[in-house]
*Asks:* 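I'd like to ask some things about the structure below.
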Amino acid sequence: MSSVRGGGSEEYQAINCRKHSAVLTDFGAKGDGKTMNTKAFKSAIANLSQVAGDGGAQLIVPPGKWLTGSFNLTSHFTLFVHKDAVILGAQDEAEYPLLEILPSYGVGRDGGGRFASLVFGTNLTDVVITGGNGTIHGQGQYWWEKLRADKLKDTRPYLIEIMYSDQVQISNLTLIDSPSWNVHPIYSSNVIIQWLTINAPVGSPNTDGINPDSCKNIRIEDCYIVSGDDCIAVKSGWDQYGIKFGMPTDDLIIRRLTCISPDSAVIALGSEMSGGIKNVRAEDITVIDSESGVRIKSSVGRGGYVKDIYARGMTMKTMKYVFWMTGDYGQHPDNGWDPKALPKIENINYRDMVAENVTYSAKLDGISGDPFTGICISNVKIGLTKKPKKLQWNCTNVEGVSSQVTPPSCDLLHPSEKVFNCPFPEDKLPIEDVQMKICST
């Protein structure tokens, strides 16, 4: 193991630097876009895992097109993708092992079992996936076509999935055409996701950008996402399986996000939220053409909660809805869901937002007998399309307050002549205090 030969070293920011270094080509890989390099990735990582206790190691993916199937990361490890490197996801199901179903979901999202993600890790401590804005390309078209033709037996792989891990960084990468979700940290803590460019065709199925799922202490910042689904979807398990597993997503900050998602949300909370979602903060968000801003999705049978949600400083251009809450998002994993399991949606705060070219200002639908409460909206100016809908605020089974909102909110949000600001926490989350180190290849 040595430092990179030729071309000089490159500096990058990471939660930890590594004592040892190797290049993928040291392990027989060929960057011709045709040679299958799964064995080379696995051999390299197995080799470097031996120095996890001696300052850790980084694996450099050099310039080239590196075709591979799924591979597993290790602890105290950095995968560094050079700016002229492309990791290409194999279009061959045999290159993606089948994994156990996620316990908080009970079933695969596409049915059947579930394929391992292209870049995968579980039970890790201190793992970094970064680069000089290098590319991970999922070649998702193969998977999208199989899904549409109903020829998939199992759930599509994600581009990056990290499970049961602590101290995770995913940064400075371009992610293209994921088979399904792009980035899925699940059952993990202390996660930093930054400087990602995520691109998928706006018509591609379920290509969510970043989906923190039953995680604690997460920072998502400075990302640009074009997606066929939600740019960010915050989750915590599905119906009875999520209730039983009982692991919430807590303490999440999202900032400086740009999102284009014509058919979905900028930030979705749910619909799989049965373990609970709490203390989410979003600020400095730019939206260009989206179905909705922050969307809360839930239904009877979910149980769990979405509470202590704060969003401010959103600029939105071309929207179907600015605000959207749904209490009847009724997909269920199977027939074992509990009709008595009602979600608790409370303390939802939106402030300081501007939107233009909007069709509907808001559609806020709680659940009969289980209203969504403590909604606060302040200082929001909404400009409408040339042919806006007559009913701008459509509200049922919600309770709350509003101030300085144009067009005026519905009566259930008690439009106030009194000027006030909805709250946004002054304290910092612990993950915001994590400082990056300057490392080099």
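Quick caveat: nothing in here was measured; it's all calculated off a predicted structure.
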*Asks:* Whether the Thr326 and Asp365 side chains hold a donor-acceptor pair (N or O, under 3.5 Å, no angle test) is what I'd like checked.
*Replies:* no

*Asks:* Can you say whether the rings of Tyr310 and Phe424 are parallel (under 30°), tilted (30 to 60°) or perpendicular (over 60°)?
*Replies:* perpendicular

*Asks:* Please say whether more than 12 non-hydrogen atoms of neighbouring residues, nucleotides or ligands are located less than 6.0 Å from NZ in Lys65.
*Replies:* no

*Asks:* Tell me whether Glu93 is salt-bridged to Lys153, with the criterion being a basic N under 4.0 Å from an acidic carboxylate O.
*Replies:* no

*Asks:* Of the non-hydrogen atoms in Pro103 and Tyr164, which two are nearest, and what is the gap between them?
*Replies:* CG-OH, 3.7 Å

*Asks:* Do the side-chain N and O atoms of Ser171 and Thr130 include a donor-acceptor pair separated by under 3.5 angstrom?
*Replies:* yes

*Asks:* Given the rule in the salt bridge (Lys or Arg N to Asp or Glu O under 4.0 Å) test, do Arg18 and Asp126 qualify, once you have shown the distances and angles that lead to the verdict?
*Replies:* CA-CA 11 Å; Arg18 310 301 177 196; Asp126 176 21; 2.7 Å; yes

*Asks:* Going by the angle between their ring planes, with limits at 30° and 60°, are Phe71 and Phe41 parallel, tilted or perpendicular?
*Replies:* parallel

*Asks:* Do the non-hydrogen side-chain atoms of Asp230 and Ser261 ever get within less than 4.5 Å of each other?
*Replies:* no

*Asks:* Tell me whether the guanidinium CZ or amine NZ of Lys363 lies under 6.0 angstrom from the six-membered ring centre of Tyr321 and within 45° of its axis.
*Replies:* no

*Asks:* With Asn16 as reference, evaluate Lys437, Gln169, His76 under the side-chain hydrogen bond (donor to acceptor under 3.5 Å, both in side chains) test and give the passing residue.
*Replies:* Lys437

*Asks:* Give a yes-or-no answer on whether the side chains of Asn279 and Arg281 include a donor-acceptor pair shorter than 3.5 Å.
*Replies:* yes

*Asks:* If the threshold is 4.0 Å, N to carboxylate O, is there a salt bridge linking Asp239 and Arg302?
*Replies:* yes

*Asks:* Please report the closest heavy-atom contact between Gln240 and Gly336, naming both atoms and the distance.
*Replies:* NE2-C, 3.3 Å

*Asks:* Ignoring hydrogens and angles, state whether a donor on the side chain of Ser49 or Thr74 is under 3.5 Å from an acceptor on the partner side chain.
*Replies:* no

*Asks:* In this structure, are over 12 heavy atoms from other groups packed under 6.0 Å from Asp427 atom CG?
*Replies:* yes

*Asks:* Strictly below 4.0 Å, N to O, side chains only: are Arg256 and Asp222 in salt-bridge contact?
*Replies:* yes

*Asks:* Will you find, in the side chains of Lys42 and Asn72, an N or O donor that is under 3.5 Å from an N or O acceptor?
*Replies:* no

*Asks:* Run the numbers on Asn206 and Ser180 for side chain to side chain donor-acceptor pair (under 3.5 Å), then give the verdict.
*Replies:* CA-CA 5 Å; Asn206 315 108; Ser180 182; 5.3 Å; no

*Asks:* Near Asp150 CG, under 6.0 Å, is it more than 12 heavy atoms from other residues, nucleotides or ligands?
*Replies:* no

*Asks:* Less than 3.5 Å apart, any donor N or O on the side chain of Asp208 or Tyr158 sitting next to an acceptor on the other?
*Replies:* no

*Asks:* Decide, yes or no, whether a salt bridge links Glu356 with Lys317 under the criterion of side-chain N to carboxylate O below 4.0 Å.
*Replies:* no

*Asks:* Side chains of Thr122 and Tyr187: any donor to acceptor distance under 3.5 Å?
*Replies:* no

*Asks:* If you apply the rule side-chain contact (heavy atoms from CB on, under 4.5 Å), what do you find for Ile198 with Leu159, and how did you get there?
*Replies:* CA-CA 11 Å; Ile198 299 177; Leu159 219 48; over 6 Å; no

*Asks:* Rounded to the nearest 0.5 Å, what separation is found between the CZ atom of Arg295 and the CE atom of Met325?
*Replies:* 11.5 Å

*Asks:* Mind checking whether Tyr96 and Trp143 have ring centres under 6.0 Å apart?
*Replies:* yes

*Asks:* So Trp337 and Val300, side-chain contact (heavy atoms from CB on, under 4.5 Å) or not? Walk me through it.
*Replies:* CA-CA 9 Å; Trp337 61 280; Val300 173; 4.1 Å; yes

*Asks:* Nearest 0.5 angstrom please: Asp284 CG to Met314 CE, how far?
*Replies:* 10.5 Å

*Asks:* Under 4.0 Å between a side-chain nitrogen and a carboxylate oxygen: does that hold for Lys216 and Asp251?
*Replies:* yes

*Asks:* Indicate yes or no: does Lys320 engage Asp263 in a salt bridge with an N to O separation below 4.0 Å.
*Replies:* no

*Asks:* Mind listing the side-chain donor-acceptor pairs of residues 108-121 below 3.5 Å, one per line with the distance, residues two or more places apart or on another chain?
*Replies:*
residue, atom, partner, partner atom, Å
Arg109, NE, Glu272, OE2, 2.9
Arg109, NH2, Glu272, OE2, 2.4
Asp110, OD1, Arg156, NH2, 3.1
Asp110, OD2, Arg156, N, 3.0
Asp110, OD2, Arg156, NE, 2.8
Arg114, NE, Glu100, O, 3.1
Arg114, NH1, Glu161, OE1, 3.1
Arg114, NH1, Glu161, OE2, 3.2
Arg114, NH2, Glu161, OE1, 2.9
Ser117, OG, Val119, O, 2.7
Ser117, OG, Glu161, N, 3.3

